[in-house]
Engineer: 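The structure is given below, and queries will be raised subsequently.
Computed from a predicted structure; not experimentally measured. For reference, positions follow the sequence shown, starting with 1.
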Amino acid sequence: MFISAESKEKNFDGYTLIFPAVSVGNVGQLAVDMIISTLWMERIGYIYHDSILPLVGNDPFAHPESISCKIVTNCEVYENTENKTIIIQQRSPFVQGRRAAFKQWLRKWMIEMKISQLVILTSSHAHERLDSQLQGSQFRFIAGPKFEKHEIEDMKSRLEWQELEKRLSENGETEDISSPYIPGGGIAKSLFKDCSEEIKVCILLLFCSEGDNASDALQLAKHVNSWLNIIDMEPKLMIGFDGKSVKMPGLSWKVPYSWKLMFGTQVDRTLFH
């Protein structure tokens with residue numbers, strides 16, 4: 001269940017939900033970390049569900065000099081009211097055999113909350129690529145049946161996005177778009193299939209391998225923003241006290257301070273002297 005941090009009931013009518021599937025390299029989780037940190041999104045509650053392994057830890061978005069004490073749990077919800085966007089950040093994997101229960105609850109909750117659009121962020125094993133996928137952009141998208149034809153064409157032409165290539169099944173038939181091949185993509189494929197008939201849903205993914213996936217996460221976050229425009233990075237002209245116009249820079253990507261601890265401390269270079 002969703003447990004709100006506020007006393008009043010939440011209304012997400014017309015909101016876009018960004019959900020990162022636990023996948024190879026955790027690229028989806030890292031990408032939404034970037035978005036939450038850059039927008040200073042407000043934590044509005046958390047999801048308590050017995051399908052997700054329990055977890056507790058320090059606030060990953062805290063400033064190093066902050067004196068406030070906050071903790072995070074295994075699945076939390078962040079909101080940006082200005083852009084009508086919410087993010088579910090899942091920080092631990094599913095209990096074995098319990099994925100279906102969580103997907104069923106999430107689908108029902110999105111319908112109850114009148115979520116207008118679901119964006120699933122995920123990644124897929126680079127070693128499973130087709131020959132045609134080895135070069136060029138490693139980003140792909142899959143739009144559900146609720147998307148209009150002109151919206152998909154806009155993604156292809158204006159954003160220069162490429163749809164995930166369909167594959168041939170064992171019997172030689174072309175793969176069904178409702179069941180795309182995403183090895184290492186977690187619940188992205190099944191969640192897409194479960195929700196696509198009732199909710200406007202789109203998958204954004206990157207081919208990658210396990211390792212330092214910070215650059216992959218930034219790339220995926222940039223693709224999200226190029227489409228949804230939730231982070232305004234354009235410089236602005238403002239009038240100063242002297243009446244002259246001043247060009248102010250737009251927002252830039254803000255890396256969570258907790259990322260500094262991702263791979264431990266730096267190696268002491270004097271070891272090699």
Side-chain angles (χ1 to χ4, degrees), residues 12-24 27-29 31-32 35 80 83-88 90 103-104 106-111 113-126 128-130 132-133 136-169 173-208 216-231:
F12 299 129
D13 188 6
Y15 272 62
T16 293
L17 168 62
I18 301 176
F19 177 81
V22 178
S23 55
V24 55
V27 175
Q29 278 78 24
V32 298
I35 297 172
N80 185 283
N83 300 303
K84 300 191 77 171
T85 303
I86 60 172
I87 289 178
I88 293 178
Q90 183 181 342
K103 288 184 296 178
Q104 183 179 7
L106 180 60
R107 173 180 158 274
K108 182 180 178 182
W109 182 71
M110 287 189 291
I111 294 173
M113 290 294 181
K114 299 180 180 179
I115 297 292
S116 66
Q117 182 171 248
L118 169 63
V119 180
I120 304 172
L121 305 186
T122 190
S123 47
S124 184
H125 286 300
E128 293 274 5
R129 289 173 294 176
L130 298 169
S132 60
Q133 297 169 336
S137 174
Q138 297 302 290
F139 172 82
R140 296 293 189 274
F141 81 97
I142 311 164
K146 289 286 187 180
F147 276 83
E148 301 289 342
K149 184 177 180 180
H150 70 88
E151 293 178 294
I152 298 175
E153 290 302 318
D154 180 66
M155 293 175 180
K156 293 179 179 179
S157 58
R158 182 178 63 85
L159 300 177
E160 299 181 346
W161 286 4
Q162 185 173 344
E163 283 187 287
L164 181 66
E165 294 84 350
K166 295 180 181 179
R167 299 190 179 216
L168 294 177
S169 61
E173 296 181 358
T174 304
E175 166 185 84
D176 184 3
I177 188 60
S178 67
S179 184
Y181 185 70
I182 313 176
I187 67 169
K189 170 182 172 178
S190 54
L191 183 61
F192 177 85
K193 188 175 182 179
D194 292 348
C195 299
S196 59
E197 295 299 324
E198 297 174 289
I199 300 172
K200 197 174 182 181
V201 56
C202 184
I203 294 178
L204 308 185
L205 70 89
L206 275 178
F207 298 115
C208 70
D216 296 318
L218 178 58
Q219 183 181 348
L220 187 57
K222 286 181 176 179
H223 278 95
V224 173
N225 195 51
S226 67
W227 174 33
L228 300 179
N229 296 314
I230 54 178
I231 302 173

Engineer: Run W109 and I88 through side-chain contact (heavy atoms from CB on, under 4.5 Å) and show every step you take.
Structural biologist: CA-CA 12 Å; W109 182 71; I88 293 178; 4.0 Å; yes
Engineer: Under the side chain to side chain contact (heavy atoms under 4.5 Å, CB included) rule, collect the residues that match up with E148, sequence neighbours excluded.
Structural biologist: H150, E151
Engineer: So, do I115 and I86 sit near enough that their side-chain heavy atoms are less than 4.5 Å apart?
Structural biologist: yes
Engineer: Strictly distance-based, threshold 3.5 Å: is any side-chain N or O of S23 a donor or acceptor partner for the main-chain N or O of G185?
Structural biologist: no
Engineer: Could you check if a side-chain atom of W227 sits within less than 4.5 angstrom of a side-chain atom of D154, using non-hydrogen atoms only?
Structural biologist: no
Engineer: Can you tell if the side chain of I230 reaches within under 4.5 Å of the side chain of T16, non-hydrogen atoms only?
Structural biologist: no
Engineer: NZ of K222: more than 12 outside heavy atoms within 6.0 angstrom?
Structural biologist: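 At most 12 heavy atoms, drawn from other residues, nucleotides or ligands, come within 6.0 Å of this atom.
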Engineer: Are the side chains of I111 and I199 in touch, meaning some heavy atoms are under 4.5 Å apart?
Structural biologist: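 I111 vs I199: side chains touch.
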Engineer: Check S124 against L205 and note the closest heavy-atom contact, atom names and distance.
Structural biologist: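 In terms of heavy atoms, the two residues are closest at CB-CD1, 4.3 Å.
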Engineer: Could you walk me through whether L164 and Q133 satisfy the side-chain contact (heavy atoms from CB on, under 4.5 Å) test, starting with their C-alpha distance in whole Å, then the side-chain angles of each, then the deciding distance to 0.1 Å, before giving a yes or no?
Structural biologist: CA-CA 9 Å; L164 181 66; Q133 297 169 336; 4.0 Å; yes
Engineer: If you look at every heavy atom in P145 and E197, which pair is closest and at what distance?
Structural biologist: CG-OE2, 4.1 Å
Engineer: Which value, rounded to the nearest 0.5 Å, describes the distance between H223 atom NE2 and M155 atom CE?
Structural biologist: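 Interatomic distance, H223 NE2 to M155 CE, rounded to 0.5 Å: 12.0 Å.
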Engineer: Could you give the distance from CD1 (I35) to CG (L228), rounded to the nearest 0.5 Å?
Structural biologist: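 The CD1 atom of I35 sits 8.0 Å away from the CG atom of L228.
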Engineer: State, yes or no, whether a side-chain contact exists between E163 and I152 at a heavy-atom distance under 4.5 Å.
Structural biologist: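 Heavy-atom side-chain distance check passes, below 4.5 Å.
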Engineer: Identify the heavy atoms of N225 and I231 that sit nearest to each other, and give their distance.
Structural biologist: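 Taking N225 first and I231 second, the nearest heavy atoms are OD1-N, 2.7 Å.
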Engineer: Listed by chain and number, what are the side chain to side chain contact (heavy atoms under 4.5 Å, CB included) partners of K146, not counting sequence neighbours?
Structural biologist: K200
Engineer: Can you check whether G136's main-chain N or O pairs, donor with acceptor, with Q138's side chain at less than 3.5 Å?
Structural biologist: yes
Engineer: Do F19 and L191 come close enough that some side-chain heavy atom pair is under 4.5 Å?
Structural biologist: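 They are in contact (side-chain heavy atoms under 4.5 Å apart), so the answer is yes.
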Engineer: So do F147 and Q117 actually touch side chain to side chain, heavy atoms under 4.5 Å?
Structural biologist: yes
Engineer: Return the minimal non-hydrogen interatomic distance between A221 and A31, and the atom names on each side.
Structural biologist: CB-O, 3.9 Å
Engineer: Got a second to check how far T85's OG1 is from F12's CZ, nearest 0.5 Å?
Structural biologist: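 One gets 11.0 Å once the value is rounded to the nearest 0.5 Å.
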Engineer: For F141 and W161, take the angle between the two ring planes, folded into 0 to 90°, and tell me which bin it lands in: parallel under 30, tilted 30 to 60, perpendicular over 60.
Structural biologist: tilted
Engineer: Can you tell me how far apart CG (D194) and CZ (R107) are? Round to the nearest 0.5 Å.
Structural biologist: 7.5 Å
Engineer: Distance from I187 atom CD1 to Q90 atom CD, nearest 0.5 Å?
Structural biologist: 6.5 Å
Engineer: If you draw a 6.0 Å radius around CD in E160, do more than 12 non-hydrogen atoms from other residues or ligands fall strictly inside?
Structural biologist: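 No, because the 6.0 Å sphere around CD of E160 holds 12 heavy atoms or fewer from other groups.
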Engineer: Checking the side chain of S123 only, and the main-chain atoms of F207 only, is there a donor and an acceptor separated by less than 3.5 Å?
Structural biologist: no
Engineer: Please evaluate residues C195 and M110 with respect to the criterion side-chain contact (heavy atoms from CB on, under 4.5 Å), reporting the C-alpha separation (whole Å), side-chain torsions for both, the decisive distance (0.1 Å), and the verdict.
Structural biologist: CA-CA 9 Å; C195 299; M110 287 189 291; 3.7 Å; yes
Engineer: For residues P20 and Q29, report the shortest heavy-atom separation together with the two atoms involved.
Structural biologist: O-NE2, 3.2 Å
Engineer: Nearest 0.5 Å, please: how far is CG in L118 from CD1 in I203?
Structural biologist: 9.0 Å
Engineer: Show the nearest heavy-atom pair for residues K84 and D13, with the distance to one decimal.
Structural biologist: NZ-O, 3.2 Å
